[in-house]
Amino acid sequence: MKEMEKIRCVIMRGGTSKGIFLMGNDLPRDKEMCDKVILSIFGSPDVRQIDGLAGADPLTSKLAIISPSSRTDADVDYTFGQVSINSPKIDYKGNCGNISAAIGPFAIDEGLVRAGETMTKVRIYNTNTDKIIVADVPTVDGKAAVIGDCKVDGVPGTGAKIMLNYSNTVGAFTKKMLPTTNPIDILEVPGCGAIKVSIVDVANPMVFIKAEDIGLMGTETPQEIDGNSDLLNLLERIRGAAAVKIGMAKSIDSATSESPALPMIAFVNKPADYSDFTTGNLIKANAVDFVSRLMFMQITHKTYAGTASVCTACAAKIPGTVVYEVTNSPEEKKQIRIGHPAGVIEVESDAKYDDGQTEITRAAISRTARRIMDGNVYIRSSVFNRD
């Protein structure tokens with residue numbers, strides 16, 4: 001009896017995340033069987049993911065499924081999955097901006113999109129959000145360029161700059177930029193009481209709170225946050241209350257299992273000096289427009305998610321939100337600089353204001369990406385058996 005099956009795969013870094021890339025036609029068509037195979041490829045559930053390819057961290061337990069697109073407005077279809085480490089679950093509810101940065105290079109290198117001489121535009125249909133992302137990918141000799149001078153804080157070295165335009169992703173999940181129509185909502189959170197939040201949906205839905213409202217500065221390190229179990233529980237309850245508010249979970253208590261990744265939650269504060277936790281280098285207050293710490297899959301994001309960067313920058317443009325309140329003159333800024341634990345991310349963000357309404361006209365980030373390996377991943381044949 002054949003003991004092992006194999007499937008083609010590629011491991012790529014996109015921005016500050018790393019993912020396993022699979023072609024859709026190489027996977028079982030049955031959804032339940034497909035998820036079983038993917039979990040086996042990743043090595044989940046297991047706290048170390050020791051028997052699979054993933055890296056035992058939410059930022060390295062990411063999935064991209066790619067297919068040629070049948071749409072006239074897209075070149076490739078892309079489905080993102082956040083693969084749980086500790087449970088047999090794959091969350092397909094949202095997208096990952098960092099992994100999105102690697103979709104264009106992957107599509108070019110796999111021959112799904114013909115490379116231009118120096119720059120190639122790749123139109124990516126994200127099935128999770130039903131939105132189009134446009135990537136401008138530098139190309140050389142018919143392949144995606146890797147070498148360049150673009151620096152992404154949280155990634156060693158530099159690379160070729162990939163621009164991702166998310167201006168068409170307003171209302172990614174809820175179909176509205178402000179899911180509740182309000183720039184400010186008051187959530188009743190067990191153990192916390194009433195707390196002021198802003199819920200914004202661009203690229204992915206997020207809930208924002210002021211750091212000072214939960215006794216924080218906004219410059220804390222991931223270790224300081226993740227080492228405080230009471231704080232983690234509080235943040236998850238707030239996130240859960242927001243998830244219920246916008247229909248992503250039935251109750252606060254079930255939010256972690258029903259929708260563990262979305263909405264993401266971030267706390268923000270006015271600019272302040274702090275140290276890059278990875279290098280110890282000082283980041284001056286005048287280098288950022290505000291500081292923020294992002295939670296992802298119930299722990300602190302070591303940098304800042306790509307989609308979260310877009311959503312946060314857009315929130316800064318919406319009068320009345322908590323992000324707008326900590327940003328000096330946001331309407332005048334074309335670049336929003338977010339201070340995260342490992343540095344700064346800049347987002348090109350612009351908006352039009354008309355009769356009290358805000359329209360996002362530009363929401364773009366620069367990222368780098370590269371192929372790390374390609375080949376076959378081996379899966380036990382028994383995984384393909386139906387229970």
Side-chain angles (χ1 to χ4, degrees), residues 2-14 17-44 49 51-54 60-84 88-96 98-115 120-135 137 139 142-144 162 164 369-387:
K2 192 175 182 181
E3 292 187 338
M4 305 291 282
E5 302 287 344
K6 64 182 180 180
I7 290 177
R8 294 184 302 145
C9 81
V10 175
I11 296 179
M12 294 196 70
R13 177 187 61 77
S17 292
K18 189 163 57 177
I20 296 170
F21 284 54
L22 304 168
M23 291 296 294
N25 58 8
D26 288 336
L27 293 168
R29 293 187 178 183
D30 179 79
K31 176 67 167 57
E32 184 177 349
M33 179 64 68
C34 181
D35 281 0
K36 280 180 61 179
V37 169
I38 290 167
L39 288 166
S40 178
I41 289 170
F42 277 68
S44 291
Q49 293 179 316
D51 201 37
L53 294 179
T60 59
S61 193
K62 295 175 180 282
L63 165 73
I65 302 174
I66 315 298
S67 302
S69 185
S70 59
R71 295 171 60 108
T72 58
D73 59 350
D75 300 304
V76 292
D77 293 346
Y78 149 56
T79 299
F80 171 73
Q82 183 67 47
V83 180
S84 177
K89 181 178 176 63
I90 305 171
D91 191 341
Y92 294 105
K93 284 187 177 178
N95 184 23
C96 172
N98 280 297
I99 292 300
S100 297
I103 303 302
F106 175 87
I108 293 167
D109 290 349
E110 292 292 316
L112 299 173
V113 176
R114 180 177 293 180
T120 303
K121 191 178 295 293
V122 182
R123 301 167 303 165
I124 303 162
Y125 172 61
N126 177 237
T127 65
N128 310 75
T129 59
D130 191 29
K131 299 292 184 181
I132 300 288
I133 305 161
V134 179
V137 183
T139 43
K143 297 290 185 181
I162 300 163
L164 294 168
R370 80 174 185 93
R371 181 174 294 229
I372 294 173
M373 68 78 63
D374 52 33
N376 296 314
V377 58
Y378 288 82
I379 306 111
R380 289 182 176 86
S381 297
S382 57
V383 172
F384 293 86
N385 296 334
R386 296 190 180 278
D387 295 331

*Going through the checks in order, is the side chain to side chain contact (heavy atoms under 4.5 Å, CB included) test met by Val137 and Val113?*
CA-CA 11 Å; Val137 183; Val113 176; over 6 Å; no
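- In this structure, Tyr378 has no side-chain hydrogen bond (donor to acceptor under 3.5 Å, both in side chains) partners at least two apart in sequence or on a different chain.
- Gln49 is linked by a side-chain hydrogen bond (donor to acceptor under 3.5 Å, both in side chains) to Ser44, Ser61, counting only residues two or more places apart in sequence or in another chain.
- Of all non-hydrogen atoms in Ala369 and Gly14, the two that sit nearest each other are CB-CA, 4.1 Å.
- Summarising the geometry of Ile132 relative to Ala74, their closest heavy-atom pair is CD1-CB, 3.9 Å, with the distance given to 0.1 Å.
- With Asp109 contributing its side chain and Ala144 its backbone, the two residues share a donor-acceptor pair below 3.5 Å.
- Side-chain N or O atoms of Ser84 include none that pairs as donor or acceptor with a backbone N or O of Ile90 at under 3.5 Å.
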_Asn126 vs Ser100, test: side-chain hydrogen bond (donor to acceptor under 3.5 Å, both in side chains). Steps then yes/no._
CA-CA 9 Å; Asn126 177 237; Ser100 297; 5.8 Å; no
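- With sequence neighbours excluded, the residues satisfying ring pair (Phe, Tyr, Trp, His ring centres under 6.0 Å) with Phe21 are Phe106.
- Distance check, rounded to the nearest 0.5 Å: OG of Ser381 to CD of Glu3 gives 7.5 Å.
- The backbone N or O of Thr79 sits nowhere less than 3.5 Å from a side-chain atom of Asn128 that would complete a donor-acceptor pair.
- Looking at every heavy atom in both residues, Ala115 comes nearest to Thr139 through CB-CG2, 4.1 Å.
- Every residue two or more places apart in sequence or in another chain that forms a side-chain hydrogen bond (donor to acceptor under 3.5 Å, both in side chains) with Asp73 is listed here: Arg71.
- Checked by atom type and distance alone, the side chain of Lys36 pairs as donor or acceptor with a backbone atom of Asn385 at under 3.5 Å.
- To the nearest 0.5 Å, atom CD1 of residue Ile66 and atom CG of residue Asp75 are 12.0 Å apart.
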*Carefully, step by step, assess Asn376 and Met4 under the rule side chain to side chain contact (heavy atoms under 4.5 Å, CB included).*
CA-CA 11 Å; Asn376 296 314; Met4 305 291 282; over 6 Å; no
*Evaluate the side chain to side chain contact (heavy atoms under 4.5 Å, CB included) criterion for residues Lys143 and Arg371: first the C-alpha distance (whole Å), next the side-chain angles of each, then the deciding distance (0.1 Å), finally the verdict.*
CA-CA 11 Å; Lys143 297 290 185 181; Arg371 181 174 294 229; over 6 Å; no
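- For Asp91, the salt bridge (Lys or Arg N to Asp or Glu O under 4.0 Å) test picks out no residue, with sequence neighbours left out.
- Between Pro28 and Val37, the shortest heavy-atom distance links the atoms CG-CG2, 3.9 Å.
- Between the side chain of Arg123 and the backbone N or O of Thr72, at least one donor-acceptor pair lies under 3.5 Å.
- Few gaps surround NZ on Lys93; more than 12 heavy atoms of other groups in view lie less than 6.0 Å from it.
- The local environment of CG in Asp26 is crowded, with over 12 non-hydrogen atoms from other residues, nucleotides or ligands closer than 6.0 Å.
- Heavy-atom minimum distance, Val383 versus Met33: O-SD, 3.5 Å.
- In terms of the side-chain hydrogen bond (donor to acceptor under 3.5 Å, both in side chains) criterion, Thr60 has no residue partners (sequence neighbours excluded).
- Distance check, rounded to the nearest 0.5 Å: CD1 of Ile41 to CD1 of Ile379 gives 4.5 Å.
- Counting only heavy atoms from C-beta outward, the side chains of Arg380 and Asp51 approach each other to under 4.5 Å.
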*I would like to know whether Lys62 and Asn98 meet side chain to side chain contact (heavy atoms under 4.5 Å, CB included); could you show each step before the answer?*
CA-CA 10 Å; Lys62 295 175 180 282; Asn98 280 297; over 6 Å; no
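- Using modelled atom types, one finds a donor on one side chain and an acceptor on the other under 3.5 Å when comparing Tyr125 with Asp130.
- Residue Ile103 holds its CD1 atom at 5.0 Å from OH of Tyr78, rounded to the nearest 0.5 Å.
- The distance from atom CD1 of Ile38 to atom SG of Cys9, rounded to the nearest 0.5 Å, is 12.0 Å.
- Side-chain atoms of Ser69 and Asp77 include a donor-acceptor pair closer than 3.5 Å.
- Here CG of Asp374 is found 9.5 Å from CE of Met12. Values are rounded to the nearest 0.5 Å.
- In terms of heavy-atom proximity, Ile162 sits nearest to Ala135 at CG2-CB, 4.5 Å.
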